[in-house]
Novice: 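Here it is, the structure, as C-alpha cells.
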Amino acid sequence: MADIKTKEFKSESRKALNNPQIQKSLVRVIDHFGEARVNAIEEITPEVWEILREKARTIKTHTMSYLDHYLDLMEANVRKNGGVMHFAKDAAEANAIVASLISAKNAKSVIKSKSMISEEMGLNHVLEEMNVDVAETDLGEYIIQLAEETPFHIIAPAMHKSKEEVAKLFVEKAGTKLYKEIPELAEASRHLLREKFQFADVGITGANFMVAETGTLVLVTNEGNGRMCTSAPKMHIALAGMEKMLPSLEDLGVFLRLLARSATGQRLTSYTTFVSGPKREHDKDGPEEFHLIVVDNGRSKMLQDVDLREALNCIRCGACLNNCPIYQNVGGHAYGWVYSGPIGAVVTPMLVGLDQSKDLPFASTLCGRCKEVCPVKINIPHMLLRLRNKSTQNEGAGDKPGVKERVFFSLWFYMVKSKFLYKTSGRIGSGAQKILRMLKLENRIPFFGRWTRSRDLPLIPTKSFRDRWKDVGTAE
Amino acid sequence: MDKKEFLQHVEKCINRDALDTYPGYEGIDRSLSNQQTIVSEIKIRLQKNRSQILDKFAKTAAIAGWNFFRVENIEQAIQKTIDLLSSINPKEVLCSEEEIVARILKDKQIGSLMNKTKIIFSDEENREELKLTSFKADIGITGVDYAIAETGSCVILPGITLSRLTSLAPPHHLALVEVDKVLDTLDDLFAIRKLTFLEEEGDMGSYMNFITGPSRTGDIEQTIVKGVHGPKEVSLLLIG
Ligand code: SF4
C-alpha cells in the first residue's frame, strides 16, 4: 500500500496553511473549477441536473445492493470478449497479480494512465523494484511522479505546483532545458513520453466505470494518454475498485453527463474510451491481451456498514473537494493518503483504518456543501458523523474520549439533573464570564483553552430561560 | 483470491434479506425486438429533426474545440480538404480505409495538387509499420461511425478499417462526417450500440472512442494547453 501519513493531519494542515504557494494554488483551482461547474449546470438547466442526480443515485444504490451479481456478470462478459478478469482482496494481492502478468510477458517498460487505485496499491514502487521502467503519462501524475509525491487533488494531481517548480523538476529529473512557459512544459512532456508510448510493452490504466452488461471498461480523459495506453502496447492491464460498476450501457448516459460537468465543467472530456476486451483478430491494432483486476482493499467494509455504503457511489469528480471550506484551506496532502477532501475523510478511515486516521472525520464543519454539490447525492456529513460516533465508541479502535472530557461530561450530567445546581451554576457562570471579560481573559478559561483559542465562548445570558418564561406570564 | 470466494465475501457483506432476490434490470433484460423498436423510433426522430440537430452539432463541435467546416457535397469536400492540407503542408498524411476517406483522398485532384505530400492508407502497412507511421505522420484522416450533437463529439469504432492510432498519434486529425452519421443525444448512441450488441450476440467490437475536441491539459496552474499526447488541432468536415 502507499505510505499512510494520516496521523499527521493537524501538523500537515498547519504547514499547508503557512505555505503561500499552496494557498495561491488553492484559490486558483477553486475559482477555476467552481465557476466551470456552475456554468455547466446552468447550461443543462438545474431541473435536468436534479433529475440526473436522482437517477444516478438510484442506479448506484441498486448496483451496490447486488454488487455480487454484477461482478459475476462482468466477469462472464469480459471472458466472452476474450479478456481475463482477476479478483484481488487487497493491495498486496493486486500488486502480485500485476507483477506476475508483467513477468510472464517479460515486460521491461510500462506506461500508465491515471489510476487512483494504483496509488492506493503503491504499484509504482512494486514495479520499480522489479526493475521495470514505469512512466505515468497523465501530465499531472507525471509531475508528481517526478516529485515523488501523492496527488494533491483527485482530478488535478499537481495543482499545487507553480510552473517554475514544474520547470525545475523537468530540468532536474527529466533532463530537459529550463522552460518558462506552460505550453513549452506541456510540449516537453509530449516529447518525453512519445517514445515510451511507441515502445512500451504494457499499458496500465484505471477505470472510471465498468459496464456489467457488456463487459466494458470506460475511461474518461482529456490528454489522450488513456487512449495511448490502450492502443499502442501489446498488453493492457486495467485496475478498478469493485464499486466502479454500472449495470447497463445506457446508464452511462446519466453518469457521463454528470462526471465531466462536475469535474471540469465540460460537456464531455476530450476522450471517452470504451474497452471491451483485447483486439479482435482482424482489428488493425490494439492490445492482444486484456486483463481487468477488480480490487476490494477495504471496500467490502464500507459495503457492510449500511450507513457508510453510499461512499461507494462516488464517481471521483472532485466537486466536494473544491467546495469544502476545509479542503479549500489545507489542500490535499494534509489528508495524508490517496484521497482527500470530504470524500477522502470518509473513504480513508474505512480503507486504512479509523485508528490510523481519527482526525479525518473531524476535519469538517458539517456545513453540507459537499452533499449539495455531489453529482450522486452522497450524504457525506451523515457519514462523517457516523465515523465520529464510531471513533468515540471505540469501534475500529479510534480514541476513547480523554480523561478531561469524561470528567467534564460526568459533572455536567450530575449538574443538569439537579434544578438547584443547574440554576446556581448558570448564575455563577454568567457572573464569572462578566469578570473575565472585564479583565480581557474570557478566552483563557481553564480546560477550554484549545477550544477558545480560535473561537469565542457564547455569552451566558444574565437572565435564565426559566426566569424569562416566568416573565412572559406562563408560569410553570 | 478466486472469484467464488470473492463474490461470496461481497454477498456476505451486503447482507441482503433472505427474500431479497435479484429483481432484474430493465436496461439489461430488454429483448432484441423491443430494442429494435426503440432504435427505429430514434431514427424517425433524427430524420424529422435533421436540420436542427445539424445546427446544434455545428455549435457544440465548435465549443468542444473542433475547427468546424460544413460542405454540401463530395466535390466541395475534396476542395476543402485540399485547402486544409495546403495550409498544413504535411509531408505525410495517414488515412484510414472507410469509404468516405477513400472517395475524397483517392481523388485525382488531391494526388496532382499535393505532389510533395505522401498519402498513406493504413491497409498499405503491417501493424508495426503502421504504428511507426502513425507517430511520424503530420495528419491523420478518418471517417467516423457516429457523431453526437449534444456534446460535439465524433464517435469512432476502430477495428478492421480504422486503426486506433490514426486519429491519435499525429498532431492533426481531420474527421470526415457525413450528415446521416449525426445523432442527437448520448442516449441515442447507447441505444444504437446496444442494438448492435444484441444483434451480434454479445459482441460489439473491442473499442470505441468519443472524441470531443483536441487533446488538452490543465494540469499546470489550470492553464489549458492543447495537444499534450493527442492531436493539437482537430478539424471536422461535415458533408451533406
Ligand atoms: S463524493 Fe460526490 S462530489 Fe465528492 S468526489 Fe465523489 S462523486 Fe464527486
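None of the values given here were measured: they were computed from a predicted structure. Residue numbers start from 1 in every chain, and the chains themselves are labelled A, B, ... in the order their sequence lines are given, proteins ahead of strands.
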Novice: Quick one: do the A:Arg267 and B:Ser153 side chains pair a donor with an acceptor below 3.5 Å?
Specialist: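 There is no such pair (donor and acceptor under 3.5 Å, judged by atom type) between the side chains of A:Arg267 and B:Ser153.
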Novice: Could you check, using the six-membered ring where one of them is a Trp, whether A:Phe199 and B:Phe135 have ring centers closer than 6.0 angstrom?
Specialist: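 Not close enough - the centres of the two rings lie 6.0 Å or further apart.
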Novice: For A:Ile143, is it the side chain, the backbone, both or neither that has a heavy atom under 4.5 Å from a heavy atom of chain B?
Specialist: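 The answer is the side chain of A:Ile143.
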Novice: Would you check if there is a donor-acceptor pair between the side chains of A:Glu223 and B:Ser215 at a distance under 3.5 Å?
Specialist: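 Note: B:Ser215 and A:Glu223 side chains miss the donor-acceptor criterion.
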Novice: Is chain B contacted by the side chain of A:Leu193, its backbone, both, or neither, given a heavy-atom distance below 4.5 Å?
Specialist: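 Looking at A:Leu193, just its side chain touches chain B.
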Novice: Mind checking whether B:Leu189 and A:Glu250 have side chains closer than 4.5 Å, heavy atoms only?
Specialist: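 A side-chain contact is absent here, since even the closest heavy-atom pair is not under 4.5 Å.
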Novice: Is there a side-chain contact between A:Leu268 and B:Leu186 (heavy atoms, below 4.5 Å)?
Specialist: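 SC-SC contact between A:Leu268 and B:Leu186 confirmed.
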Novice: Non-hydrogen atoms of chain B under 4.5 Å away: do they reach the side chain of A:Asp90, the backbone, both or neither?
Specialist: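 Neither part, no heavy atoms under 4.5 Å.
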Novice: Would you mind reporting whether B:Val10 and A:Leu71 have side-chain heavy atoms less than 4.5 Å apart?
Specialist: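 A:Leu71 reaches B:Val10 side chain to side chain.
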Novice: Would you check if there is a donor-acceptor pair between the side chains of B:Tyr25 and A:Asp251 at a distance under 3.5 Å?
Specialist: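 On atom types as modelled, these side chains qualify, holding a pair under 3.5 Å.
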Novice: Please classify the contact between A:Glu213 and chain B as side chain, backbone, both or neither, with a heavy-atom cut-off of under 4.5 Å.
Specialist: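 For A:Glu213, backbone and side chain are both near chain B.
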Novice: Can you tell me if A:Glu93 uses its side chain to pair, donor with acceptor, with the backbone of B:Met1 under 3.5 Å?
Specialist: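 Yes, A:Glu93 side chain to B:Met1 backbone: donor-acceptor pair under 3.5 Å.
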Novice: Any side-chain heavy-atom pair from A:Lys284 and B:Arg127 closer than 4.5 angstrom?
Specialist: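 Contact flag for A:Lys284/B:Arg127 side chains = no.
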